[in-house]
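Both backbone and side-chain heavy atoms feed into the values below; hydrogens, waters and symmetry mates do not. Below, chains carry the letters A, B, ... as their sequence lines are ordered, and counting in each starts from 1.
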There are 2 protein chains.
Amino acid sequence: MGAGYRAQAERNGWSDGGAMEFPNTGDFLAGRLRDKLSQDDLEFIESLVAETRQGETGDVLLSRGAVTEQSTILISGYIFRTIESDNRRFIVGVHVPGDFVDLHGFALKRLDHSIVAAGPITYGIAPHERLRDALEHRPRVARALWFATLLDAAIHRKWIQMLEQLDAPRRIAHIYCELHRRFELVGQANARSLRTPFTQIDLADMCGVSAIHANRAVGKLRELELAEIRRGDLYTSDWDALRAYAQFQADYLYGDGPLRFDQDWL
Amino acid sequence: MGAGYRAQAERNGWSDGGAMEFPNTGDFLAGRLRDKLSQDDLEFIESLVAETRQGETGDVLLSRGAVTEQSTILISGYIFRTIESDNRRFIVGVHVPGDFVDLHGFALKRLDHSIVAAGPITYGIAPHERLRDALEHRPRVARALWFATLLDAAIHRKWIQMLEQLDAPRRIAHIYCELHRRFELVGQANARSLRTPFTQIDLADMCGVSAIHANRAVGKLRELELAEIRRGDLYTSDWDALRAYAQFQADYLYGDGPLRFDQDWL
DNA sequence: GCCTGAAACTAACATGCATCAGTAGACGGT
DNA sequence: ACCGTCTACTGATGCATGTTAGTTTCAGGC
């Protein structure tokens, strides 16, 4: 095999050609809520970011149990929410550019989990002082922040169902389908691929299976000709077939049609 | 066996004597946030409840996909959050008296899951109109509502970890330990038992295992002399041993010590 | 007291996944 | 170019869990 992977990807029409590049500007702030907010509110949200930083794979932005006075906004790359227990790591969530990563640390004193870079990242720092100000004087921004945490909770619930219902290959497929849809919602999805820095160990820790079994699950997706996962990057010629296999229904991401945000109470 | 269960419970010092009764007044509203709010705010929250209703096992208070103009506050009994898929039911969350059950339906237009009575319940109805009013004129109440949804998200994350890390007997033990602690936090826990209306099918749907395997798991807890689960009611003489077995750490429930709520920005 | 249905339970066999023990390929450092 | 380390991959074996097909227990209705 080895060099045969890319050849097979070509044969199956999986390759996308180039790599997807994340913009490294602040164009993502507020992510999918962007078009629900006024220009004034958007500028205000951008002004929340006091500083922009870079991070590398494995960097711990916030440790479980830490008390923090700032929140993090992901600008490019992927971030894991992790819990260490029993000398093992469990990944309980993934974030994509545009996400506020630790708003819960703003209202809950301690953090119940850690925030870790899944690969090279760029992120912004928003001091809580400025968020407090927003909550008091910007009701629309305040509701946008609440909405973001509710959306996180909906994604958590889907992960619970996924872990209860699906076997390992389907869990991996579901995670990629979800991330692909989340990129679509901020206009950054590729037609035939999804680039990530995830190792098979990362996939295993997200799915609650051993790394060895994650490897077999990846192999099964390849064998079924549904997707080729190579160094974290997924290539497929048929997202619909992959979604059907994973029983992926995107409704829980609330991407289609109006949210309550359209109403005037916001 | 059969009639021997209760006898064994007596022998092991598991029995608690009487059943725990939930108060059927509104004393639970706002649950554990109660002592963080002023008398005035509490009276306001109680005034949110326009009506009190009763429900029976299996009653669907809200269906997935429904658009609702009211929120639900649980006063007595248990409520499940469920998702139907593949002709199977998956339980993604449980609520105890004092919990706001569907605040997410207030900000997210559709519901991504259903709200179902796990047994006989009493609940209050809070029209969204009144909640909207609260968000605008009662900043402390607004933050309390946000906090409640953040706490739900923290519990969701723990369930994800639980499903990734634990085998079926430990999952069941963990769920009971969590519920016991949540009752403690509102001052309603029994020393040696936890009464619930859960069937083994309910436990299976919470743990993501088959009903038959849930039965084996219950049997294992009995065999290890950690707990006796009988028609949903759990009896134990040693909560600490059960907690150790389930690797239950209560910190994610944020019950010990100050939350940010103590600070003046609330 | 008996009937009935739901829940709890049992046994036998099939499959998913963990674990152990290793090999092979990719990448960075020197 | 070499080496060490991390990631990807393979096979064998055992445990956890699913599935099928039942039996037993129990609470409630008649």
Side-chain angles (χ1 to χ4, degrees), chain A residues 1-9 56-58 86-90 118-120 162-173 196-224 227-234, chain B residues 1-9 19 56-58 86-90 118-120 162-173 196-224 227-235:
Chain A
M1 294 211 202
Y5 284 134
R6 202 158 295 267
Q8 188 189 358
E56 291 303 321
T57 308
D86 231 4
N87 286 326
R88 289 166 63 197
R89 178 189 66 161
F90 301 94
M162 176 181 91
L163 291 165
E164 289 176 348
Q165 182 178 18
L166 305 179
D167 60 10
R170 273 174 254 261
R171 287 180 199 173
I172 289 176
T196 81
F198 305 159
T199 66
Q200 291 186 352
I201 296 171
D202 292 333
L203 293 176
D205 292 348
M206 285 186 252
C207 293
V209 300
S210 66
I212 291 157
H213 199 66
N215 175 274
R216 287 192 256 260
V218 165
K220 180 152 190 179
L221 293 177
R222 185 178 303 138
E223 181 191 324
L224 293 171
E228 167 76 23
I229 296 172
R230 184 102 177 117
R231 309 197 89 69
D233 301 332
L234 179 142
Chain B
M1 294 212 206
Y5 285 135
R6 202 157 297 266
Q8 188 191 359
E56 291 304 320
T57 309
D86 232 3
N87 287 324
R88 289 167 62 198
R89 178 189 65 161
F90 301 93
M162 177 180 90
L163 291 165
E164 289 177 347
Q165 182 178 19
L166 304 180
D167 61 10
R170 273 174 256 258
R171 286 180 199 173
I172 289 176
T196 80
F198 304 160
T199 66
Q200 291 186 353
I201 296 171
D202 292 333
L203 294 175
D205 292 348
M206 285 186 253
C207 293
V209 300
S210 65
I212 288 153
H213 198 65
N215 176 273
R216 285 183 210 137
V218 165
K220 179 150 191 180
L221 293 177
R222 184 178 302 137
E223 182 191 323
L224 293 171
E228 167 76 23
I229 296 173
R230 185 98 178 120
R231 307 198 93 67
D233 301 332
L234 179 142
Y235 307 90

- Ignoring hydrogens and angles, tell me if any N or O in the side chain of A/N215 forms a donor-acceptor pair with the backbone of A/V218 under 3.5 Å. no
- Query: Has B/R222 got a side-chain N or O lying under 4.0 Å from the OP1 or OP2 atom of C/dC9?
  - Reply: yes
- Query: Are B/R171 and B/V209 close enough, and set up right, to give a side-chain contact (heavy atoms from CB on, under 4.5 Å), and what steps lead you there?
  - Reply: CA-CA 10 Å; B/R171 286 180 199 173; B/V209 300; 4.0 Å; yes
- Taken to the nearest 0.5 Å, the spacing of A/C207 SG from A/R170 CZ works out to 13.0 Å
- Please tell me which of the listed nucleotides, C/dA8, D/dT17, C/dA26, lies nearest to the side chain of B/P169? D/dT17
- Mind calculating the distance between CD (B/Q165) and P (C/dA18) to the nearest angstrom? 13 Å
- Query: Which atoms form the tightest heavy-atom contact between B/A118 and B/P197, and what is the distance?
  - Reply: O-CG, 3.4 Å
- Query: D/dC15 P sits how many Å from B/D167 CG, rounded?
  - Reply: 14 Å
Shorter than 3.5 Å, N or O on both sides, protein versus nucleotides 27-30 of chain C: list them out with atom names.
none

For nucleotides 18-21 of chain D, which of its nitrogen or oxygen atoms have a protein nitrogen or oxygen under 3.5 Å away, and what is each distance?
| residue | atom | partner | partner atom | Å |
| --- | --- | --- | --- | --- |
| D/dG18 | OP1 | B/S210 | N | 3.2 |
| D/dG18 | OP2 | B/S210 | N | 2.9 |
| D/dG18 | OP2 | B/S210 | OG | 3.0 |
| D/dG18 | O6 | B/R216 | NH2 | 3.0 |
| D/dT19 | O4 | B/R216 | NH2 | 3.0 |

- Message: If I take atom CG in residue A/L166 and atom P in nucleotide C/dG16, what distance separates them, rounded to the nearest angstrom?
- Response: 14 Å
- Counting N and O atoms only, with roles assigned by atom type, does the side chain of B/D205 sit under 3.5 Å from a partner on the main chain of B/D202, one being a donor and the other an acceptor? no
- Item | Working for side-chain contact (heavy atoms from CB on, under 4.5 Å), residues B/I201 and B/R89 | CA-CA 10 Å; B/I201 296 171; B/R89 178 189 65 161; 4.2 Å; yes
- Message: Looking at B/D233 and B/R230, is there a salt bridge between them, counting it only when a charged N and a carboxylate O are closer than 4.0 Å?
- Response: no
- Task: Enter the inter-axis angle for the ends of the helix from C/dG1-D/dC30 to C/dT30-D/dA1 (five pairs per end, rounded to 10°).
- Result: 40°
- Item | Nearest-Å distance for atom pair CG/P, residues B/D202 and C/dA7 | 8 Å
- Query: OP1 or OP2 of D/dC9 less than 4.0 angstrom from a side-chain nitrogen or oxygen of A/N215, does that happen here?
  - Reply: yes
